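Predicted, not measured: the structure shown is a model, and the values here were computed from it. Order of appearance sets the numbers: ligands from 1, and atoms from 1 within every ligand.
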Amino acid sequence: MLNVALPKGRLGEKVYAMFEAAGFECPSIKEQNRKLIFENEEIGVRYFWVKPSDVAIYVERGAADIGVAGKDILLEYEPDIYELFDLDIGKCRMAVAAKNDFRDDPQKTLRVATKFSNIARNYYASKGRDIDIIHLNGSIEIAPILGLSDVIVDIVETGTTLKENNLSVFETIVPISARLIANKASYKFKSEPIEAILQSLARMAKEQK
Ligand code: PRP
């Protein structure tokens, strides 16, 4: 049985459609219920819906053989997994944003509010900039408005959230997209189905170009 962790939500539905097209269908997943695990015994695949930020944990610890996780999560938690393929969906960017009239004073420690402390720390360390990280769990955009931080490091997709809160992007740190990841042991011992999915996803990506 190949265990596949899918990120719950709209992205996960897109991902499942790709896996289905790759020949790993599981019709019961489309039933309207609140089940979290779905199995197609005939072809040996089991899907489960998990919180997007938890996919890498399931895969790293082998509860899932493969899964799909955002590059943001992989950069933040640095799980010990193989990153196999860029699915080119769920695209956005990790950026530094601040109030529209913000001017950086390099003499001062920069206060950075973020859910992505590791990414922020690495980014500013590479620039040799002194920072103070304020770790938040959501609604990061509020921090600079209330004076809790100077800037934020967060995901920007359409830019609407920033715009509607009078914030703008000052620097782009890295582009983000969804990645197919595999548990290291599974990649060795279940190489056949994993390779089949990988090849098929690669073929589909090529056809779309
Ligand atoms: C993310 C991110 C921004 C928003 C960006 O939030 O933190 O708030 O999406 O999208 P936009 O550029 O299209 O407006 P998410 O919905 O993941 O919730 P969060 O508040 O938990 O971060």
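Within a 4.0 Å radius of atom 22 (O) of ligand 1, the protein has at least one heavy atom. Per-atom contact check: atom 14 (O) of ligand 1 touches the protein, criterion being a heavy-atom distance below 4.0 Å.
Here the side chain of Tyr123 pairs no donor or acceptor atom with the backbone of Val174 at under 3.5 angstrom.
No continuous path of ILVMFWY side-chain contacts below 4.5 Å connects Leu162 to Phe116, so the two sit in separate hydrophobic clusters. Linking ILVMFWY side-chain heavy atoms closer than 4.5 Å, directly or via other members, places Tyr82 and Ile197 in a single hydrophobic cluster.
In this structure, atom 7 (O) of ligand 1 lies nearest to the protein heavy atom Asp154 OD2, 2.7 Å. Closest to atom 20 (O) of ligand 1 among all protein heavy atoms lies Ser139 N, 3.2 Å.
Around atom 10 (O) of ligand 1, the closest heavy atom drawn from Thr160, Val169, Thr161 belongs to Thr161. Distances from atom 17 (O) of ligand 1 to the heavy atoms of Lys115, Glu164, Glu157, Glu141 put Lys115 nearest.
Close contacts between ligand 1 and Gly159 involve ligand atoms 11 (P), 12 (O), 13 (O) [criterion: under 4.0 Å to a heavy atom]. Near Val156, meaning under 4.0 Å from any of its heavy atoms, are these atoms of ligand 1: 12 (O). Those atoms of ligand 1 with a heavy atom of Thr158 less than 4.0 angstrom away are 11 (P), 12 (O), 13 (O), 14 (O).
Look at Ile155 and you'll find a heavy atom under 4.0 Å from some atom of ligand 1.
Looking only at atom types and distance, the side chain of Ser168 has a donor-acceptor partner in the side chain of Asn100 under 3.5 Å away. With 3.5 Å as the limit, one finds no donor-acceptor pair spanning the side chains of Thr109 and Asp132.
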For residues 55-68, dump all side-chain donor-acceptor pairs below 3.5 Å to protein atoms at least two apart in sequence or in another chain.
unit_1	atom_1	unit_2	atom_2	d
Glu60	OE2	Asp80	N	2.9
Asp65	OD1	Ser186	OG	2.7
Asp65	OD1	Lys190	NZ	3.4
Asp65	OD2	Asn3	N	2.8
Asp65	OD2	Lys190	NZ	2.9

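In this structure, CD1 on Ile176 lies 5.5 Å from CD1 on Ile119, to the nearest 0.5 angstrom.
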